Asker: 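Just dropping this structure here.
Note that this is a predicted model, so its numbers are computed, not measured. All values below come from the heavy atoms of this structure, side chains included, with hydrogens, waters and symmetry mates left out.
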Amino acid sequence: MAAGPAPPPGRPRAQMPHLRKMERVVVSMQDPDQGVKMRSQRLLVTVIPHAVTGSDVVQWLTQKFCVSEEEARHLGAVLVQHGYIYPLRDPRSLVLRPDETPYRFQTPYFWTSTLWPAAELDYAIYLAKKNIRKQGTLVDYEKEYYDRLHTKINHAWDLVLMQAREQLRAAKQRRKGDRLVIACQEQTYWLVNRPPPGAPSVLEQSPGRGSCAASHVHMIEYCRRALGRTRVKSSVCLEAYLSFCSQRGPHDPLVSGCLPSNPWISDNDAYWVMNAPTVVAPTKLRVERWGFSFRELLEDPVGRAHFMDFLGKEFSGENLSFWEACEELRYGAQAQVPTLVDAVYQQFLAPGAARWVNIDSRTMERTLEGLRQPHRYVLDDAQLHIYMLMKKDSYPRFLKSDMYKGLLAEAGIPLETKKRVFPFSRRPRHSGPSPALLPAPVEPTAAGGPGGGDGVA
Amino acid sequence: MSPRHRQMATEALHENETLASLKSEAESLKGKLEEERAKLHDVELHQVAERVEALGQFVMKTRRTLKGHGNKVLCMDWCKDKRRIVSSSQDGKVIVWDSFTTNKEHAVTMPCTWVMACAYAPSGCAIACGFKQFSCLSLPSSWDYSGLDNKCSVYPLTFDKNENMAAKKKSVAMHTNYLSACSFTNSDMQILTASGDGTCALWDVESGQLLQSFHGHGADVLCLDLAPSETGNTFVSGGCDKKAMVWDMRSGQCVQAFETHESDINSVRYYPSGDAFASGSDDATCRLYDLRADREVAIYSKESIIFGASSVDFSLSGRLLFAGYNDYTINVWDVLKGSRVSILFGHENRVSTLRVSPDGTAFCSGSWDHTLRVWA
């Protein structure tokens with residue numbers, strides 16, 4: 001074995017779970033019965049045992065994981081990139097060729113998961129060896145590294161050269177085949193640890209993730225609280241997903257497509273124009289969605305506006321206005337809180353208020369009490385009460401109303417845009433106006449101005 | 001041993017005992033909790049989903065490629081207008097694109113900064129960036145954490161050529177470690193942040209005041225998502241402690257916690273109904289947690305998927321789960337049946353961020369290969 005860098009204790013493997021998994025794959029690939037077919041590979045005059053071909057690797061992965069060939073090639077490529085499998089013939093690039101190209105499995109000594117620091121000194125020795133060897137030539141980026149290291153560790157350069165020569169001498173004692181294999185192994189190791197410019201570094205990790213300091217006190221508190229909570233049976237919860245997905249399926253462009261066409265596919269933004277936030281004629285699917293849930297209705301500016309009209313007819317429009325004012329308070333600027341609370345009180349809660357909302361006496365008492373020290377959540381109880389009132393009472397009536405039924409009947413289904421015959425004639429893509437360009441919307445006052453100003457084009 | 005040393009040794013012993021007893025109490029309570037949760041678990045999702053029709057063949061392609069970042073793309077977010085996007089990268093660049101035309105509309109460059117999080121304001125008139133700033137004299141050659149500031153700033157978007165976007169920025173949040181995620185709540189005036197310092201925080205944009213902080217994670221918090229609930233009060237966060245935690249925004253308390261992943265949780269996203277959320281982790285699995293059943297109800301994994309999932313998002317109906325992975329691929333999962341519907345190739349380095357557009361017509365992925373792709 002070439003005198004490589006002495007392994008210091010590596011970082012815990014648990015931090016890189018994907019490396020462990022790759023190793024398991026590679027180990028099972030080398031299983032004498034179930035593994036990849038091994039053969040001896042002739043390279044010039046030497047015979048290297050235990051080699052595999054790229055295509056055999058891909059074949060094995062396809063069968064073992066029941067995946068497509070494309071995915072198996074990707075997985076194989078990833079194994080090679082991480083240095084777990086290396087090419088015997090062109091060890092300059094860690095690429096998997098799905099053909100007769102020979103490969104071999106990297107020795108565990110050099111496995112990426114050992115996470116040795118791959119020190120500069122070791123790299124210098126490696127490059128020096130390459131430089132000294134008769135046939136070895138340094139590639140451009142290697143030359144650069146070499147020169148840089150020469151400057152940086154100049155004081156230790158004699159040591160570097162001495163080590164390099166010693167390792168080369170020791171290597172000469174080995175059989176040619178072994179020498180070749182060891183050279184490939186080492187080369188692969190350095191390709192992983194010092195990738196050529198342009199190649200992604202597989203060792204790069206996301207910013208230093210912290211270690212885990214268990215917070216037992218928090219956990220104990222939480223568990224105690226959680227033990228008392230009511231839970232719902234799994235069967236009930238899971239059924240809910242089924243009905244949600246089936247109800248929304250036709251409305252999901254990526255599942256069911258959308259009419260007239262998906263703008264990203266057809267380059268035609270008609271779909272967005274037809275479904276603009278405030279549009280005179282909403283599509284049928286959109287009006288249908290207002291019936292899915294109260295939240296869905298309120299979130300759509302057009303739906304909300306129609307609902308406001310409906311409430312107006314029932315003389316309960318102040319409920320929705322009150323709810324909107326409370327939303328504004330909850331999500332408003334901190335500095336605005338006292339002003340907004342006061343405005344809401346004057347408009348909706350004070351005795352004889354212009355748009356007095358009907359809250360039960362207990363909630364009203366609690367709210368008025370809280371108003372003495374206004375904060376952004378002081379109206380939560382009252383807001384919830386009114387919200388539930390609308391949801392349980394007004395909303396179902398809205399859905400049964402002639403108004404809603406009329407909207408549903410009027411709403412149209414767009415025609416599908418015919419597929420273009422000439423795929424090369426690109427429609428010019430129109431740029432829509434940025435929301436940032438529009439004049440700022442008039443801030444809805446607590447008196448309930450135009451619903452939910454979000455000012456989006 | 002001197003009396004003083006004896007006293008210190010005794011104290012240390014007590015501390016260790018206390019720590020050990022706390023730990024065992026926590027473990028025993030966790031066990032009891034798991035037992036309670038298991039009592040109501042009467043069926044698996046894929047069993048219930050057997051009668052659901054299988055999805056057809058999936059053909060999704062890259063429809064737009066956005067090139068312009070000079071380094072790893074770390075985060076992206078959609079504008080409510082369904083076509084604009086903000087993205088941020090490791091070279092300190094934040095770009096606002098009209099991804100339909102691929103035009104760049106705004107750009108800010110902050111030297112010596114990693115912009116690890118970005119978000120579009122609901123009004124479309126501003127963006128927020130969470131970043132880590134370094135002294136320009138000592139550019140980091142590795143991930144070095146002696147940086148200066150871990151801030152979240154809000155930039156109003158302006159088309160005025162004479163105005164420097166950076167001039168009007170507001171510094172909103174400040175953490176003691178890197179910012180990993182940020183999100184506006186229902187308005188432009190509040191921001192929720194998650195940080196490597198193990199906490200999340202809610203801020204008032206106008207004044208920069210801290211409104212509420214959320215403590216409980218035992219390590220870096222890596223992601224968060226606001227609940228689409230009617231009463232809009234909760235959000236979920238995921239961290240390096242393998243825990244996903246649901247928080248009450250008003251009280252700062254953790255209302256639910258889940259710990260079934262085997263490694264860091266990189267991404268969390270609510271199921272569109274708000275009754276569940278999905279998570280993506282370094283353990284190469286995505287999982288679905290139901291909030292009413294209070295347990296994990298599905299695992300999305302495959303033996304051939306070895307690398308961590310960095311980001312997840314649902315399609316509009318919640319039937320599909322898109323997940324970006326560290327092996328450069330995107331896997332599409334059938335949420336109900338638990339099977340992998342499709343695998344998408346294209347990126348040339350790990351996928352770091354992924355979001356479905358607001359109207360569900362496409363999703364966008366950002367990668368360490370410096371590009372973003374829109375798929376449909």
Asker: Between A:Arg229 and B:Glu36, is there a salt bridge with N-O shorter than 4.0 Å?
Answerer: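 Not counted as a salt bridge, because no side-chain N and carboxylate O are separated by less than 4.0 Å.
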Asker: Tell me, for B:Leu45 versus chain A, whether the close heavy atoms (under 4.5 Å) come from the side chain, the backbone, both or neither.
Answerer: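 Both parts, backbone and side chain.
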Asker: With chain A, which of B:Leu222, B:Val335, B:Val205, B:Asp188 has the greatest number of heavy-atom pairs at distances under 4.5 Å?
Answerer: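 With the most close heavy-atom pairs to chain A, the winner is B:Leu222.
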Asker: Taking side chain as C-beta onward, heavy atoms only, is A:His18 less than 4.5 Å from B:Asp327?
Answerer: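 Not in contact.
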Asker: Does A:Asp267 come within less than 4.0 Å of B:Arg63, counting only side-chain N to carboxylate O?
Answerer: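 Looking at B:Arg63 together with A:Asp267, the answer is no, because their closest N to O distance does not fall below 4.0 Å.
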Asker: So what's closer than 4.5 Å to chain B heavy atoms on A:Met219: side chain, backbone, both or neither?
Answerer: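 When you check distances to chain B, only side chain atoms of A:Met219 fall under 4.5 Å.
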Asker: Could you tell me whether the side chain of B:Asp204 and the main chain of A:Gln334 form a donor-acceptor pair under 3.5 Å?
Answerer: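 Yes: the side chain of B:Asp204 pairs with the backbone of A:Gln334.
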Asker: Are side-chain heavy atoms of A:Tyr222 and B:Leu29 found at a separation under 4.5 Å?
Answerer: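 A side-chain contact is absent here, since even the closest heavy-atom pair is not under 4.5 Å.
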Asker: Tell me, side chain or backbone of B:Phe184 under 4.5 Å from chain A's heavy atoms, or both, or neither?
Answerer: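 Neither; nothing under 4.5 Å.
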Asker: Which atoms of A:Tyr377 come close to chain B, meaning under 4.5 Å heavy atom to heavy atom: side chain ones, backbone ones, both, or neither?
Answerer: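 Both parts, backbone and side chain.
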Asker: So what's closer than 4.5 Å to chain A heavy atoms on B:Ser99: side chain, backbone, both or neither?
Answerer: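 Both parts, backbone and side chain.
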Asker: Hey, does A:Leu75 have a side-chain heavy atom less than 4.5 Å from the side chain of B:Ile306?
Answerer: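 Yes, at least one pair of side-chain atoms sits under 4.5 Å.
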Asker: Using a strict cut-off of less than 4.0 Å between a Lys/Arg side-chain nitrogen and an Asp/Glu carboxylate oxygen, indicate whether A:Glu239 and B:Arg51 qualify as a salt bridge.
Answerer: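 Yes, this pair counts.
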Asker: Measure the spacing between OG of A:Ser234 and CD of B:Glu44 and express it to the nearest 0.5 Å.
Answerer: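 CD of B:Glu44 is found 7.5 Å from OG of A:Ser234.
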Asker: Of the non-hydrogen atoms in A:Ala333 and B:Glu206, which two are nearest, and what is the gap between them?
Answerer: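 Heavy-atom minimum between the residues: CB-CB, 4.3 Å.
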Asker: Please state whether the side chain, the backbone, both or neither of A:Leu254 comes within less than 4.5 Å of a heavy atom of chain B.
Answerer: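 When you check distances to chain B, atoms from both the backbone and side chain of A:Leu254 fall under 4.5 Å.
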Asker: Quick one: which of B:Lys23, B:Arg84, B:Lys82 has the most heavy-atom pairs under 4.5 Å with chain A, could you say?
Answerer: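 Of B:Lys23, B:Arg84, B:Lys82, B:Arg84 has the most heavy-atom pairs under 4.5 Å with chain A.
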Asker: Rounded at 0.5 Å granularity, tell me how far NZ in B:Lys61 sits from CD1 in A:Ile265.
Answerer: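 Between atom NZ of B:Lys61 and atom CD1 of A:Ile265 there are 8.5 Å.
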Asker: Would A:His82 and B:Phe307 count as a close aromatic pair, with their ring centres under 6.0 Å?
Answerer: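 Yes - the distance between ring centres of A:His82 and B:Phe307 falls below the 6.0 Å cut-off.
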Asker: If I measure from the heavy atoms of chain B, does A:Pro263 come under 4.5 Å with its side chain, its backbone, both, or neither?
Answerer: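 It is both, since atoms from each part get that close.
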Asker: Highest number of heavy-atom pairs under 4.5 Å with chain B: which of A:Arg224, A:Glu327, A:Arg330?
Answerer: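 Highest number of pairs under 4.5 Å: A:Arg330.
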Asker: Taking all non-hydrogen atoms of both residues into account, name the closest pair between A:Val255 and B:Leu320 and its distance.
Answerer: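 That would be CG2-CD1, 3.8 Å.
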Asker: Do the non-hydrogen side-chain atoms of B:Cys79 and A:Pro435 ever get within less than 4.5 Å of each other?
Answerer: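 Yes - at least one pair of side-chain heavy atoms lies under 4.5 Å apart.
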Asker: Can you list every salt bridge (charged side-chain N to carboxylate O under 4.0 Å, His left out) pair that touches residues 251-262 of chain A, not counting sequence neighbours?
Answerer: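 Applying salt bridge (charged side-chain N to carboxylate O under 4.0 Å, His left out) to every pair that reaches into residues 251-262 of chain A, excluding sequence neighbours, yields nothing.
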Asker: Please indicate whether A:Lys233 has more than 12 foreign heavy atoms, meaning atoms of other residues, nucleotides or ligands, lying under 6.0 Å from its NZ.
Answerer: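 Open.
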Asker: Using modelled atom types and a 3.5 Å cut-off, is there a donor and acceptor pairing between side-chain atoms of A:Arg231 and backbone atoms of B:Ala38?
Answerer: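 No; judged by distance alone, with no hydrogens or angles, the pair does not exist.
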Asker: Using 0.5 Å steps for rounding, measure from the SG atom of A:Cys245 to the OH atom of B:Tyr271.
Answerer: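 Separation between the atoms: 3.0 Å.
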Asker: Quick one about A:Trp272 and B:Asp359 (side-chain donor to acceptor, distance below 3.5 Å, no hydrogens or angles considered), yes or no?
Answerer: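 Note: B:Asp359 and A:Trp272 side chains meet the donor-acceptor criterion.
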Asker: Given the options B:Ser304, B:Gly308, B:Ala376, which has more heavy-atom pairs under 4.5 Å with chain A than any of the others?
Answerer: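 Option with the greatest count: B:Ser304.
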Asker: Do A:Pro200 and B:Glu348 touch side chain to side chain, with heavy atoms closer than 4.5 Å?
Answerer: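 Heavy-atom side-chain distance check fails, nothing below 4.5 Å.
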Asker: Given a strict heavy-atom distance threshold of 4.5 Å, which part of A:Gln247 is in contact with chain B: side chain, backbone, both, or neither?
Answerer: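 Answer is neither: A:Gln247 stays 4.5 Å or more from chain B.
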Asker: I'd like to verify something: which residue of A:His251, A:Lys21, A:His74 has the highest number of heavy-atom pairs under 4.5 Å with chain B?
Answerer: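 Max contact count across the listed options: A:His74.
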Asker: Could you list the residues that satisfy salt bridge (charged side-chain N to carboxylate O under 4.0 Å, His left out) with B:Arg319, not counting sequence neighbours?
Answerer: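 Salt bridge (charged side-chain N to carboxylate O under 4.0 Å, His left out) check on B:Arg319 returns B:Asp334.
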Asker: With rounding to the nearest 0.5 angstrom, report the OG1 to CD distance, B:Thr329 to A:Glu70.
Answerer: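 Nearest 0.5 Å value for the OG1-CD distance: 10.5 Å.
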Asker: B:Phe100 vs A:Trp264 aromatic rings, parallel, tilted or perpendicular, using cut-offs 30° and 60°?
Answerer: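 Correct class here is perpendicular.
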Asker: Quick one: does any side-chain atom of A:Arg248 pair with a main-chain N or O of B:Pro272 as donor and acceptor, under 3.5 Å?
Answerer: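 Not at all, since once roles are kept as given, no pair shorter than 3.5 Å links the two residues.
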Asker: With a 4.5 Å cut-off on heavy-atom pairs, point out which of B:Leu22, B:Asp42, B:Leu211, B:Asp98 contacts chain A the most.
Answerer: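 When all of B:Leu22, B:Asp42, B:Leu211, B:Asp98 are compared, B:Asp42 has the most.
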Asker: Given heavy-atom pairs under 4.5 angstrom as the criterion, report whether the side chain, backbone, both or neither of B:Arg250 touches chain A.
Answerer: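 B:Arg250 touches chain A through backbone and side-chain heavy atoms alike.
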Asker: Using heavy-atom distances under 4.5 Å, tell me whether B:Lys39 contacts chain A through its side chain, its backbone, both, or neither.
Answerer: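 No part of it gets close to chain A.
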Asker: Specify the closest pair of heavy atoms between B:Lys302 and A:Cys66, including all atoms of both residues, with the distance to one decimal.
Answerer: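 Taking every non-hydrogen atom into account, NZ-O, 4.1 Å.
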Asker: How about A:Asn262 and B:Thr361: does a side-chain donor come under 3.5 Å of a side-chain acceptor?
Answerer: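 The criterion, which ignores hydrogens and geometry beyond distance, is not satisfied for B:Thr361 and A:Asn262.
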Asker: Looking at A:Gln81, A:Glu221, A:Lys64, which one has more heavy-atom pairs under 4.5 Å with chain B than the rest?
Answerer: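 Looking at each option in turn, the highest pair count goes to A:Gln81.
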Asker: Please state whether the side chain, the backbone, both or neither of A:Leu384 comes within less than 4.5 Å of a heavy atom of chain B.
Answerer: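 The side chain, not the backbone.
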Asker: When only pairs under 4.5 Å are counted, which of A:Tyr387, A:Tyr331, A:Phe65, A:Tyr271 shares the most heavy-atom pairs with chain B?
Answerer: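 Option with the greatest count: A:Tyr331.
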Asker: With only heavy atoms counted, which part of A:Arg24 is less than 4.5 Å from chain B, the side chain, the backbone, both or neither?
Answerer: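 Neither part, no heavy atoms under 4.5 Å.
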Asker: Rounded to the nearest 0.5 Å, what separates atom CD in B:Glu27 from atom CD1 in A:Ile220?
Answerer: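 It comes to 10.0 Å.
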Asker: Go through the atoms of B:Phe322 and report whether side chain, backbone, both or neither lie under 4.5 Å from a heavy atom of chain A.
Answerer: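 Contact with chain A involves the side chain of B:Phe322 alone.
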Asker: Based on non-hydrogen pairs under 4.5 Å, which of B:Ser207, B:Ser187, B:Ala126, B:Ala257 is most in contact with chain A?
Answerer: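 Counting heavy-atom pairs under 4.5 Å, the top option is B:Ala257.
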Asker: NE2 of B:His41 to OG of A:Ser235: how many Å apart, nearest 0.5 Å?
Answerer: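 Going from NE2 on B:His41 over to OG on A:Ser235, the span is 10.0 Å.
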Asker: What residue, out of B:Arg295, B:Glu259, B:Met60, B:Arg37, has the most heavy-atom pairs lying under 4.5 Å from chain A?
Answerer: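 Most pairs with chain A among the choices: B:Arg37.
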